Every structure is written in structure tokens, then in C-alpha cells.
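Numbering of ligands and ligand atoms starts at 1, following listing order. The model shown is predicted, which means the values in this text are computed figures rather than measured ones. Numbering starts at 1 and runs along the sequence shown.
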Amino acid sequence: MAGRRVNVNVGVLGHIDSGKTALARALSTTASTAAFDKQPQSRERGITLDLGFSCFAVPLPAGAGAGAGQLQFTLVDCPGHASLIRTIIGGAQIIDLMMLVIDVTKGMQTQSAECLVIGQIACQKLIVVLNKIDLLTEEKRQAAIDKMTKKMQKTLENTKFRGSPIIPVAAKPGGPEAPETETPQGISELIELLKSQASIPTRDPSGPFLMAVDHCFSIKGQGTVMTGTILSGSVNLGDSVEIPALKVVKKVKSMQMFHTPVTSAMQGDRLGICVTQFDPKLLERGLVCTPESLHTIHAAIVSVKKIPYFRGALQTKAKFHITVGHETVMGRVMFFSPAPDQFDCEPLEEAFDFGKEYLYQEQYLSKDSTTAEEDKKSDQPVEKWPKQQWALLEFEKPVTCPKLCLVIGSKLDTDILANTCRLAFHGIMLQGLEDKNYTETFLPKLKVYKLKHKEGHVERVIDDYSVIGRSLFKKETNIQIFVGLKVRLSSGESGIIESGFGQSGKFKIRIPGECCSFQEGIQTRICEIPPPYLVLLILR
Ligand SMILES: Nc1nc2c(ncn2[C@@H]2O[C@H](COP(=O)(O)OP(=O)(O)OP(=O)(O)O)[C@@H](O)[C@H]2O)c(=O)[nH]1
Ligand SMILES: [Mg+2]
């Protein structure tokens with residue numbers, strides 16, 4: 001198809017004031033309506049408050065396999081201010097490639113790190129742009145660039161972006177006061193780099209239409225225009241589309257891609273859709289889709305991974321800001337894991353097995369959540385962590401999202417001046433619960449168990465390898481059921497319940513192959529490490 005424009009979405013992310021908007025401006029030839037801080041509030045505060053979109057096009061590289069045409073780069077200029085991280089997460093989910101803008105005189109800053117984390121979750125490719133090289137004195141410029149390049153290489157070393165290209169530029173040499181005629185430096189090299197890095201994304205027009213809307217405004221005599229990026233499927237003139245958050249369905253009256261009327265558009269395209277009789281004030285940001293293709297959910301089961309930079313443990317019952325697709329709400333979490341004998345099971349990425357039994361966790365299991373004290377007490381090898389963990393998320397208000405969408409949990413109420421990563425975990429939505437009464441209708445089907453923990457006492461020592469215990473079972477308990485169960489002694493040894501002893505609920509413990517160093521009267525407790533479980537308690 002001659003003349004077809006292949007669109008690649010490039011995110012411009014980084015710490016506040018690193019020069020993202022200046023860079024997008026330098027790169028762009030065609031600016032869309034909302035680009036370059038045109039909003040009056042943005043101008044006043046001198047910061048980007050919303051996603052800005054602009055684009056430039058180059059001839060499709062030969063051998064790109066898409067025939068003759070244009071390769072269009074849509075730049076998604078994200079805000080940098082910490083308070084706008086929800087917008088940044090939304091922006092990161094629609095991009096194919098991320099440019100991380102670093103002020104070369106400052107290096108990695110708090111939000112550069114957060115952007116890198118978001119990029120790792122939501123994006124496949126990265127270019128690091130070292131901006132403001134004009135601020136380096138000419139004699140020391142190259143040495144300073146080399147030094148910062150090395151530093152950034154080291155930072156990327158432990159990420160999935162290891163070895164990604166790093167390029168120096170000056171997007172707005174001389175800063176805000178410099179005349180507009182001052183030529184930016186390194187931009188043509190950056191465009192070449194973008195061309196070489198941008199693999200033509202495979203786009204799929206099939207499946208339900210879903211678009212992330214970032215702006216909504218009215219045009220006199222025309223109707224209401226929603227602009228956004230198509231996340232999946234395709235749309236044609238005259239199609240009915242739903243705004244699920246408002247439960248309204250509208251017909252597509254006209255469509256435009258960067259000021260050019262079109263009759264159809266598909267995944268990856270940036271589009272404006274015009275509908276009639278719809279108040280633009282009702283929708284600022286959100287989703288538009290094929291009618292009834294999304295669901296509105298009150299709770300969800302998600303697979304979770306902790307973000308290593310997040311300090312502290314992830315506690316069950318804690319509240320997080322939860323970004324589900326393109327919405328952020330407060331939610332409470334309950335973490336659970338496989339039973340320990342299933343720790344090595346390969347993760348199920350796109351489904352949840354309701355047939356299995358799971359283990360309730362007070363907190364997400366990770367190396368850094370085990371304190372040194374617990375390490376000492378545990379007789380389980382410390383390296384053993386489940387390959388997959390999950391959480392039940394219960395939202396404070398319902399959210400509308402596609403299946404298998406990205407979920408990010410964060411603590412956005414953390415002081416933004418504190419130099420810490422606020423992003424706590426990420427995952428994939430495996431099951432959304434649409435029923436408001438899910439606690440009665442759904443949760444009983446979820447087999448998450450708590451391990452019961454009981455403590456008793458050592459009554460006396462028989463020999464180096466066996467002791468008699470008491471106070472774990474009642475007189476009438478059938479101790480036979482518990483034979484073979486592991487127990488741990490507070491002095492550190494572990495043993496096995498071998499048999500009952502006498503008639504009063506006492507029992508004999510064997511300490512295999514270990515010499516007992518304990519004394520009578522100290523506590524013995526049932527070890528919490530199955531199998532088999534001592535007692536399984538249904539959580540709810
Ligand atoms: N000297 C110099 N100043 C620059 C350069 N690029 C941007 N600036 C200045 O840095 C300041 C911030 O630039 P912006 O482009 O608004 O930064 P931003 O990253 O978009 O900021 P937020 O969107 O608010 O996070 C402005 O005063 C720019 O003029 C550069 O290459 N050299
Ligand atoms: Mg900006």
C-alpha cells in the first residue's frame with residue numbers, strides 16, 4: 001500500500017526539567033493540538049501537566065517489509081513531576097520505545113529511576129538521551145559525556161535495557177532565554193538512532209477495538225472529538241463505540257490521524273474520533289471500545305512481582321494505589337503463594353488455576369522481606385522462593401479494564417521529596433470480579449489457606465534422639481493423624497512426631513541424626529513448613 005504511514009509510539013520520559021518537552025519540540029515537525037505545554041496552566045507553572053503528542057515522519061527504511069511509505073514517530077511527551085506519575089504510567093502503556101531523558105549535569109534522579117522502572121514493566125526498547133550538553137564547558141564536554149555514559153551503562157546493567165544506546169544532545173541550547181534560532185545539537189543523530197532502533201511493530205487489526213483516550217474536546221458545528229491511541233483491534237467510519245465508564249454508545253461520525261481524515265484505523269495508530277451529542281466534560285481520560293467488550297470489576301486476582309527498588313515489605317491488608325490499565329484507584333491486597341511443594345511450578349502467565357490450593361501470606365515472599373532474625377530461625381533453605389505469587393485486589397471503587405491488562409501497585413502518598421521509589425509491585429490481571437457481591441459468590445471458590453501454627457512444650461528428654469512433648473493436642477485427639485509431621489524446637493533442632501505417648505495427648509518426637517542440646521521445659525512448636533499441613537484453615 002503506497003503512502004501508508006506506519007506509526008511508532010515513542011515515549012519521552014524523565015525527571016522534571018530534564019528537557020523532555022524541549023526534546024519533543026526539537027524532534028517534531030508536525031505538532032498536534034495538545035503538544036508542547038500549550039495549556040495555559042502548563043505555561044504558568046512552566047511544567048508539563050499532561051501527555052503531549054507530536055509527530056514527525058521519515059521515509060520507511062528500505063527492507064522494513066511494509067512497502068513504500070512513511071515511518072511516523074508519534075512522540076508522547078510525559079510530565080516529569082512526581083505528582084503526575086499516574087499520567088506517566090498511562091503514557092508508558094501506549095509506547096513502543098522509550099526515550100529516557102537525563103539532564104547530563106545531574107545524572108539519574110528520583111523520577112528518572114521511577115521512569116526506568118515503569119519502562120521495564122511496560123516497554124520493550126530504550127534509548128537514553130543525555131540532554132543539556134551545552135551546559136558543559138567545551139574543554140570538559142567530551143570527558144563529562146563519556147563519564148555519564150559509563151554511569152548510565154552501569155545503571156542499565158541490572159535492567160532489561162542492558163546495552164541500550166545512550167546519546168548526547170542539547171535540545172534547547174542556552175536554556176529558556178536563548179533565542180529560538182539557536183540550533184539544537186545532536187538531533188539528526190538522534191533521529192538516525194530512532195530510525196535504526198524502531199522495529200516496525202506488528203499490528204493486529206483483529207479483535208475488539210480498544211482506544212486509550214487522552215483528550216476530549218468539542219469542535220463547534222462538528223461534535224465532540226476524543227483523541228487517543230488504539231491499543232487493540234480496528235475501527236471504521238460509522239462503527240458504534242462505547243465509552244464504558246459512562247455506559248454510552250456513540251456512532252463514529254468522522255476520524256482524523258494528525259489532521260488527515262481517514263475512514264479506518266488500527267492498533268498502534270493515533271486517532272481522533274468525532275461523535276455527536278456527547279458532552280466532552282464527562283470524559284477527560286479513559287477508554288473507548290467495541291460495545292460490551294470491557295468489564296467493570298470490583299476486585300481481581302492478579303499475578304504479582306515486587307519491584308526490587310521499593311523499600312520495605314508488601315503487607316497483606318495494606319492499601320495501595322492500584323493502576324489497572326489506564327485507571328488508578330485505591331485497593332486493598334491479600335498476597336498468596338503456591339504451597340511450598342509447588343514453589344518450582346512454572347508460572348501460568350495468562351490464567352489462574354482455581355483447582356489448586358494456595359497459601360495465604362502475611363506479606364509478599366521475597367528475599368528482602370525476610371529479616372535476618374527470621375533467616376536464623378528458619379530451617380528451610382533461604383534461597384527457595386516461589387516462581388509465581390498472586391494477590392487478591394479489592395478496589396474502593398469499580399474500575400473498567402480489558403482482560404489481562406497491566407496492574408501496577410504504588411504508594412503515591414509517600415512524600416514526593418523523599419528519595420524513594422513509590423512503585424511497589426506490578427502484575428497482570430488474571431481474573432476480574434464483576435459481581436458486587438463477590439465476597440459471597442466468588443471468594444469461597446478461591447482456595448487460599450492459612451497454615452495453623454501451634455506451640456507446645458518439651459516435657460522430658462528420653463535420649464539424644466528423642467523427647468516427649470505435651471500441650472499440643474487434647475486428650476481425645478487422634479495423634480495418628482499427625483504422625484510424620486515436622487516440629488521445630490526453639491533450640492533450633494527439627495524433629496518428627498513419631499507416635500502418641502500415654503493417654504493424655506502427649507507425643508514422642510524423633511530428632512533424626514542430630515544430637516539434642518536442649519533442656520527440658522523449653523517450648524516445642526509445630527513447624528509451619530509442610531507438607532503435610534498440620535491444619536488448613538479456610539481464610540474467609
Ligand atoms: N541549557 C539548556 N537548557 C535546556 C535544554 N533543554 C531544555 N532546557 C531548559 O530546561 C528547562 C526545562 O525544559 P522542559 O523541556 O520544559 O523540561 P521537561 O522535562 O519537559 O519538564 P517537565 O515536563 O515539567 O517535567 C527549560 O527551561 C528549558 O529551556 C538544553 O539542551 N540546554
Ligand atoms: Mg515537559
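For ligand 1, the atoms closer than 4.0 angstrom to any heavy atom of Pro176 are 27 (O), 29 (O). Contact atoms of ligand 1 toward Ala22: 6 (N), 7 (C), 15 (O) (distance under 4.0 Å to a heavy atom of the residue). Atoms of ligand 1 lying under 4.0 Å from any heavy atom of Thr21, numbered from 1 in the order shown and given with element: 15 (O), 18 (P), 20 (O), 23 (O).
Proximity of the aromatic rings of Trp390 and Phe335 is defined here by a centroid distance below 6.0 angstrom, and this criterion is not met.
Taking each of Lys20, Arg25, His15 in turn, the one with a heavy atom nearest to atom 22 (P) of ligand 1 proves to be Lys20.
When heavy-atom distances to ligand 1 are checked against a 4.0 Å cut-off, Asn131 comes that close only through its side chain, counted from C-beta outward. At a heavy-atom cutoff of 4.0 Å, ligand 1 is contacted by the side chain of Asp134 but not by its backbone. By the criterion of a heavy-atom distance under 4.0 Å, the side chain of Leu135, and not its backbone, is placed next to ligand 1.
We find that Glu396 and Lys319 are joined by a salt bridge, their nearest charged nitrogen and carboxylate oxygen being less than 4.0 Å apart. With respect to the salt-bridge test (charged N to carboxylate O, under 4.0 angstrom), the residues Lys154 and Glu157 do not qualify. A salt bridge is absent between Arg332 and Glu394; no separation between the charged side-chain nitrogens and carboxylate oxygens falls under 4.0 Å.
For ligand 1, none of its N or O atoms has an N or O atom of Ile16 under 3.5 Å away. Any N or O atom pair closer than 3.5 Å counts here, and Asp17 shares at least one such pair with ligand 1. Distances between N or O atoms of Ala170 and those of ligand 1 include no value under 3.5 Å. At under 3.5 Å, a nitrogen or oxygen of Gly19, whether backbone or side chain, sits near a nitrogen or oxygen of ligand 1. Residue Gly175 places at least one N or O, backbone or side chain, under 3.5 Å from an N or O of ligand 1.
Screening Glu114, Gln111, Lys106 against His15 for a side-chain contact (heavy atoms from CB on, under 4.5 Å) leaves a single residue, Gln111.
Looking only at distances, a side-chain donor or acceptor of Lys172 sits under 3.5 Å from a matching main-chain atom of Gly175.
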Between Ile230 and Leu210, is a side chain to side chain contact (heavy atoms under 4.5 Å, CB included) present by the stated rule, with each step listed? CA-CA 6 Å; Ile230 304 180; Leu210 178 66; over 6 Å; no

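We find the CD1-OG1 distance between Ile102 and Thr155 to be 8.0 Å, quoted to the nearest 0.5 Å.
At least one cation-pi condition fails for Lys305 and Phe425: the charged atom is not both under 6.0 angstrom from the six-membered ring centre and inside a 45 degree cone around its axis.
For Ala171, the heavy-atom gap to ligand 1 drops under 4.0 angstrom.
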